[in-house]
Amino acid sequence: MRIFLDTANIDEIRQAAKLGVISGVTTNPSLMAKEGRCDLKDVIQEITSIVDGPISAEVLSSDPVDMIEEAQQISSWSPNVVVKIPVSAAGLEAISVLSRKEISTNMTLCFSLNQAILGAVAGATYVSPFVGRLDDIGHDGMALVAEIVEVFEYYGFSSQVIAASIRHPLHCVEAARAGAHIATVPYRVLMQMIEHPLTERGMSLFAADWQRIARGSSQ
Ligand code: G3P
């Protein structure tokens, strides 16, 4: 499973990129607003200068003709930009046109297997089921990821599944077990994935033992 960072925060992206574990970034209008930024092109171009992988930027239009126009603009910003398009009739129309033009798309706000199948058939490069938001309303978000992966494999669909709306480290474990191609994770969750109390305790013990033996040999 590949890891994308789900943020529009440039500092977080720089920090995460140093770890060598991030192969893409996803943004959305809410993440942009959180950073107080509305200069999408500048943000996306800054991110592409840090991460050499797929960078998702979302359209704001709702009409298919406008969506296609906006998507073409966005995709011209950099070769690794992926256009994020919400599931809707207009969105599917846009995805199918963009797919024929070989423009990469990420079908977002996916909450059902039917939506995922339609996205794959329309030619979406990525399909993003929102795990946390389904959990929030008492549905099993990860069960949807597993269903989508199974059906895509059965039919040989080429769309990749991005487990999105990830809220905690267990979601990452479950996404990997479900066979998601990618999990897009907030920076906080990425840091939590690294941590284990036994690793920290083990490092303290190693350091203390080394200090003791080093002190003893210098006396
Ligand atoms: O990748 C989608 C993500 O940004 C949504 O996450 O936590 O707002 O449901 P959340």
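Order of appearance sets the numbers: ligands from 1, and atoms from 1 within every ligand.
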For a 4.5 angstrom cut-off between non-hydrogen side-chain atoms, does [X] reach [Y]?
X    : Y    : answer
I162 : N106 : yes
K84  : T105 : no
T108 : I85  : no
I68  : L98  : yes
L134 : D140 : no

Considering only the protein, which heavy-atom contact is closest to [atom], and what is its distance?
atom                   : value
atom 7 (O) of ligand 1 : R167 NE, 2.9 Å
atom 1 (O) of ligand 1 : D6 OD2, 3.0 Å
atom 8 (O) of ligand 1 : R133 NH2, 2.8 Å
atom 2 (C) of ligand 1 : F130 CZ, 3.3 Å

Report task. State yes or no: do L118 and V151 share one hydrophobic cluster built from I, L, V, M, F, W and Y residues joined by side-chain heavy-atom distances below 4.5 Å, directly or via other members? Result -> yes
Report summary line: So for N28 against ligand 1, with non-hydrogen atoms under 4.0 Å, the contacting part is side chain
Query raised in the report: Does CG in D52 sit with more than 12 non-hydrogen atoms of other residues, nucleotides or ligands closer than 6.0 Å?
Result: no
Query - Per-atom contacts of ligand 1 with A164, taking only distances under 4.0 Å to non-hydrogen atoms - result: 1 (O), 2 (C)
Give yes if a backbone or side-chain nitrogen or oxygen of [X] is under 3.5 Å from a nitrogen or oxygen of ligand 1, and no if not.
X    : answer
T26  : no
S165 : yes
T184 : no

